[in-house]
Amino acid sequence: MAIAELTDAERDEALGELTDWTLRDDGKAIHRSFKFKDFNEAFGFMTRVAITADKQDHHPEWSNVYNRVEITLTTHDCDGLSERDVKLARFIDGIV
């Protein structure tokens, strides 16, 4: 079954809830930056996200430099945002 891209209305509703996430200029991804106390805390956060993302079969685009983590969520299967992105963003917001 194909993964459905969010409609503009669904995307806007999700972003109303995910207030710390920003929409990429092309409208096909959301992004958030995180800053932690140190590398160990940042890596622990990434580990928790990785375990859940793998269970959801949805993997973020991300980078880590010392205590900073940058995350971009997009669904490549639909070339845009899907409910998968919203679900993972909600999880991420819940563990910060």
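The structure presented is a predicted model; accordingly, all values stated were derived computationally and were not measured. Only heavy atoms go into these numbers, but all of them, side chains included; no hydrogens, no water, no symmetry mates. Residue numbers start at 1 and run along the sequence shown.
- At least one side-chain heavy atom of Arg24 sits under 4.5 Å from a side-chain heavy atom of Thr72.
- Side-chain atoms of Asp77 never come within 3.5 Å of backbone atoms of Ile3 as a donor-acceptor pair (strictly under, hydrogens ignored).
- Taking hydrophobic clusters as Ile, Leu, Val, Met, Phe, Trp and Tyr residues chained together by side-chain heavy-atom distances below 4.5 Å, Ile95 does not share a cluster with Ile51.
- Judged as a salt bridge (Lys or Arg N to Asp or Glu O under 4.0 Å), and not counting sequence neighbours, the contacts of Asp8 are Arg11.
- Taking every heavy atom of both residues into account, Thr75 and Asp85 meet most closely at OG1-OD2, 2.7 Å.
- With sequence neighbours left out, the ring-ring contact (aromatic ring centres under 6.0 Å, His included) criterion links Phe91 to no other residue.
- Contact annotation: the side chain of Arg48 never approaches that of Thr52 to less than 4.5 Å [non-hydrogen atoms, C-beta and beyond].
- Residues satisfying the salt bridge (Lys or Arg N to Asp or Glu O under 4.0 Å) test with Asp93, not counting sequence neighbours, are Arg32.
- Leu73 and Leu81 get closest at one heavy-atom pair: O-CD2, 3.6 Å.
- Inter-residue side-chain proximity for Gln56 and Arg84 is flagged as unmet; no heavy-atom pair is nearer than 4.5 Å.
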Could you please spell out the steps behind the side chain to side chain contact (heavy atoms under 4.5 Å, CB included) verdict for Leu15 and Leu23? CA-CA 8 Å; Leu15 286 172; Leu23 186 64; 3.9 Å; yes

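- Scored by the salt bridge (Lys or Arg N to Asp or Glu O under 4.0 Å) test, Asp38 finds no partners at all (sequence neighbours excluded).
- Between the side chain of Lys35 and the backbone N or O of Arg68 there is no donor-acceptor pair closer than 3.5 Å.
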Test log, rule side chain to side chain donor-acceptor pair (under 3.5 Å), inputs Glu61 and His76: CA-CA 11 Å; Glu61 297 174 9; His76 298 191; 2.8 Å; yes

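- Residues Val69 and Met46 are in side-chain contact: their nearest non-hydrogen atoms beyond the backbone lie under 4.5 Å apart.
- Formation of a donor-acceptor pair under 3.5 Å by the Thr74 side chain with backbone atoms of Lys28 is found in this model.
- Going from atom CG of Leu6 over to atom SG of Cys78 covers 7.5 Å, rounded to the nearest 0.5 Å.
- A pairwise comparison of heavy atoms in Pro60 and Leu88 identifies CD-CD2, 4.2 Å as the closest pair.
- With sequence neighbours left out, Glu10 forms a salt bridge (Lys or Arg N to Asp or Glu O under 4.0 Å) with no residue at all.
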Before you tell me yes or no, could you show the steps for Glu70 and Ser63 under side chain to side chain donor-acceptor pair (under 3.5 Å), namely the whole-Å CA-CA distance, both residues' side-chain angles and the distance that decides it to 0.1 Å? CA-CA 5 Å; Glu70 302 286 331; Ser63 66; 6.0 Å; no

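- Listed by first then second residue, pairs satisfying ring pair (Phe, Tyr, Trp, His ring centres under 6.0 Å) with a partner in residues 44-73 read Phe34-Phe45, Phe36-Phe45, not counting sequence neighbours.
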